[in-house]
Amino acid sequence: MKKVYFLLAALAGLVLLANTSRNTTGPAAGKFGMTVGTPEIKSISGLAFGPEGVLLVGDSKSATVFAIDTKDAANAQAQPVEIKNVDQKIAALLGTEAANISIQDMAVNPVSKNIYCAVQSGDGTPVLLKISGDKIEPVNTKNVPFSSLALNNAPAEDAKDKRGNSVRVAAISDIGFADGKVLVSGLSGQEFASTFRSIPFPFSNKQDQSTLEIYHAAHGKYETLAPIRTFTTAEIKGKKYIVASYTCTPLVLFPLDELKPGSHVKGRTVAEMGSGNSPIDMVTVSKGGESFLMMSNSARPVFKVKYKSIEAYQGALTTPVEESFATAGVDFVSLPVTNVIQMDKLDDSRMILLQRRSNGSLDLWTSSERYL
Amino acid sequence: MSGLAFFVCLVSCNRSSENARIEIRWKEERARSIIIPAALIGNVPDDSTSASIMVSLAGKPMPVPIFGSYNREGDDLEFSPLIPFTPGMRYHVYVRGQRAGDFEIPENKTGNALSVTAIYPSADTLPENLLKIYLHFDHPMREGLSNRYVKLIKNRRDTVEAAFLDLQPELWNPDRTILTLWLDPGRIKRDLQPNKRLGAPMQQGTHYEVWVSEAWTDTRGKALEKPFRKAFVTTEKDSLSPTPASWTLGPPAAATRQPLEISFKESMDHSLLQEVFSVQGKSGVKISGQWQTGDHEKQVAFIPTDSWKAGSYQILIETRLEDLAGNNLLRPFDRDITKKAEAASGEIGVLRFNIK
């Protein structure tokens with residue numbers, strides 16, 4: 001219906017006022033329902049790419065997802081990137097010292113292979129940068145086509161739902177894009193809970209978001225709410241899954257097609273990956289027909305898990321995790337790469353990594369296939 | 001929002017006349033831009049400002065231009081960097097490759113000092129499986145540093161390693177003045193690997209202290225006046241959901257604005273207490289008023305905007321209300337699913353009272 005409406009509007013040469021995305025005001029909505037303007041981005045805690053160079057920005061401070069058309073959509077071969085002391089280089093370009101900035105997230109544009117990097121200065125100002133080869137430049141966010149979607153709706157006055165009100169997002173812990181949907185995990189600053197939303201893109205006025213409540217079952221005995229920290233999507237035996245890691249590092253799978261509005265999904269733990277640690281980023285890469293889950297951690301090396309092992313573990317996913325599995329879970333390998341602060345997929349078999357080296361230098365580099 | 005503009009410093013290497021000084025413009029205690037006077041720039045056409053003029057950090061062997069934008073202000077030029085200039089740092093201005101002027105951003109000596117205004121829970125006896133701590137500051141804080149600047153100290157001696165979950169992004173309120181810290185939930189949850197390997201972060205009958213370093217700065221770059229300490233002693237684990245049926249109500253009298261008091265017998269989550277209650281009259285009309293927490297979050301009081309009328313009322317409680325250990329009205333933090341008794345049932349989110 002919407003497409004027909006668009007076509008009619010275009011044919012009639014009418015000005016189509018802001019009806020496709022929640023925050024579009026002013027001139028005609030264009031591609032992906034975007035309008036030209038300046039998104040009021042207050043913080044950048046997560047970056048991901050949607051279709052055709054659309055950059056998705058997770059803004060924790062305003063609990064909003066922005067979609068910005070970067071127009072950076074020319075196909076390019078991935079070139080390995082290596083920038084030593086990248087934080088110092090970025091700091092100099094921002095007129096400050098490295099201690100006064102933090103790199104919040106990095107995402108590779110899957111079309112152009114350029115790296116987009118979110119930086120925050122000590123005073124909270126968010127900055128969006130683009131890295132191509134060894135060139136670092138600011139990304140213009142003034143007068144660009146964009147749309148946005150606020151995550152926190154006004155709470156219902158009389159919430160009679162036995163499960164209480166929906167969780168109000170204080171921090172967007174991760175953002176992704178799969179199957180035409182923007183996937184957002186958010187943590188609450190109040191309840192011990194998270195939301196995982198699947199929002200159709202382009203954003204529409206229709207509220208057909210799915211919100212999942214995810215439980216973490218330990219050994220069929222204890223069950224707790226488990227806020228998602230980071231996630232990726234993967235296909236296992238022809239079925240699409242969300243692979244999520246929780247705030248206390250268990251690795252959990254749930255099928256993408258279970259993302260239905262109002263559903264309550266119990267995630268099944270396939271591995272517990274250590275203590276005193278928080279997962280940072282997960283990506284899926286492949287080599288020679290075999291795919292791997294790579295996971296960077298706050299206090300552990302980068303883990304590599306074969307999807308084959310996860311497949312083999314499928315049978316157990318429908319039943320509570322047994323004690324023996326809970327200890328071992330799916331096998332994973334620790335790579336000799338520690339202190340990886342950010343990680344994203346560059347192409348099928350390579351990743352970009354932001355790593356704090358043992359000499360203190362913060363380096364951006366490209367992994368080779370030998371890690372797979 | 002009041003934009004302050006004043007001359008803070010003047011350093012010019014080859015000109016020192018009044019009209020050649022670089023003005024620093026401040027807004028909200030941040031150095032947001034500089035005005036480069038016409039006398040320094042000479043005749044630079046508008047379309048070539050970024051090619052002819054460069055502002056860079058001083059003391060760099062290979063100066064690079066700082067990202068920012070230029071705007072004409074009469075004959076002068078305003079340069080606004082992408083992020084504010086940093087107090088204590090020096091900068092150079094180059095015009096057509098020649099160093100034309102320098103400036104330094106002074107330390108921020110204006111504004112109030114930074115302090116921790118509150119910590120919740122406020123009681124000094126807390127369950128060993130305490131889940132959350134809220135730190136309140138009187139100014140928006142610099143993010144991402146809590147792991148470095150907040151410690152849990154046991155028996156006045158030992159820092160408890162990895163007591164708080166290292167979350168990036170951290171859980172701040174939109175103003176960046178209230179931070180939520182989670183005591184590592186993986187270590188609190190029974191039977192998870194972190195719990196088995198490292199044990200729970202706290203044990204009962206022990207003295208602990210939350211310590212906040214004075215090195216932590218706010219978004220203005222101001223540090224805390226002094227370290228902040230909050231001492232408490234732990235009691236036994238709390239694994240039970242709060243039960244509103246066991247709470248006591250202190251109903252007010254009709255034709256007064258006396259507070260309606262609800263006492264829980266245990267401390268509740270401070271942040272949720274502000275939000276989860278509502279009072280309705282008989283016809284379901286919401287009664288407007290203010291909620292106040294008291295007695296170390298063991299009590300809330302509702303003060304109506306208008307005087308109470310005689311009749312029956314109900315208090316609606318959102319089931320997401322948690323106690324200090326993350327047990328909410330519906331389910332304990334870690335539910336033993338082999339025990340049916342732990343599951344809540346019935347009308348748990350409503351309390352009724354009458355006013356005569």
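Here is how names work: the chains are called A, B, and so on, in the same order as the sequence lines, proteins then strands, and each is numbered from 1.
- With a 4.5 Å cut-off on non-hydrogen atoms, B/Pro169 touches chain A through its backbone and its side chain both.
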Does the pair B/Leu167 and A/Arg229 meet the rule for a side-chain contact (heavy atoms from CB on, under 4.5 Å), with working shown?
-> CA-CA 8 Å; B/Leu167 268 183; A/Arg229 177 62 188 86; 3.9 Å; yes

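- Annotation for A/Gln190 and B/Leu272: closest pair CB-CD2, 3.8 Å, computed over non-hydrogen atoms.
- Interface remark: A/Gln104 contributes no atoms to any contact with chain B (heavy atom separation under 4.5 Å).
- Highest contact tally toward chain B, considering only A/Ser60, A/Gly124, A/Pro138, A/Ala92, is held by A/Pro138 [criterion: heavy-atom pairs under 4.5 Å].
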Please evaluate residues B/Gln168 and A/Asp105 with respect to the criterion side-chain contact (heavy atoms from CB on, under 4.5 Å), reporting the C-alpha separation (whole Å), side-chain torsions for both, the decisive distance (0.1 Å), and the verdict. CA-CA 10 Å; B/Gln168 299 296 342; A/Asp105 202 10; over 6 Å; no

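- When side chains are defined from C-beta on, A/Leu94 does not count as touching B/Ile66, because their heavy atoms never get closer than 4.5 Å.
- Residue contact with chain A, scored on non-hydrogen atoms closer than 4.5 Å, involves the backbone and the side chain of B/Asp166 alike.
- Looking at A/Leu129 and B/Phe67, their side chains come closer than 4.5 Å, going by heavy atoms from C-beta outward.
- The shortest non-hydrogen separation linking B/Thr180 to A/Gly189 is OG1-O, 2.7 Å.
- No more than 12 heavy atoms of other residues, nucleotides or ligands shown are found within 6.0 angstrom of CD on A/Glu40.
- Between B/Ile83 atom CD1 and A/Thr125 atom OG1 the span is 7.0 Å, to the nearest 0.5 Å.
- Here the CZ-OG distance, from B/Arg142 to A/Ser121, works out to 8.0 Å after rounding to the nearest 0.5 Å.
- No more than 12 heavy-atom neighbours from other residues, nucleotides or ligands sit within 6.0 angstrom of CG on A/Asp134.
- Atom NZ in A/Lys42 sits 10.0 Å away from atom CZ in B/Arg176 (nearest 0.5 Å).
- Counting heavy-atom pairs under 4.5 Å between each of B/Pro84, B/Pro140, B/Gly326 and chain A puts B/Pro84 at the top.
- Side-chain contact between A/Glu97 and B/Leu57 is absent, with no heavy-atom pair separated by less than 4.5 Å.
- A 4.5 Å side-chain heavy-atom check between B/Met89 and A/Thr96 finds at least one atom pair inside the cut-off.
- Looking at B/Arg30, only its side chain comes within 4.5 Å of chain A, counting heavy atoms on both sides.
- Only the side chain of B/Glu275 comes within less than 4.5 Å of a heavy atom in chain A; its backbone stays farther off.
- Interface residue B/Leu82: backbone and side-chain heavy atoms are both found under 4.5 Å from chain A.
- The closest donor-acceptor contact from the side chain of B/Thr219 to the backbone of A/Asp123 lies at 3.5 Å or more, if one exists at all.
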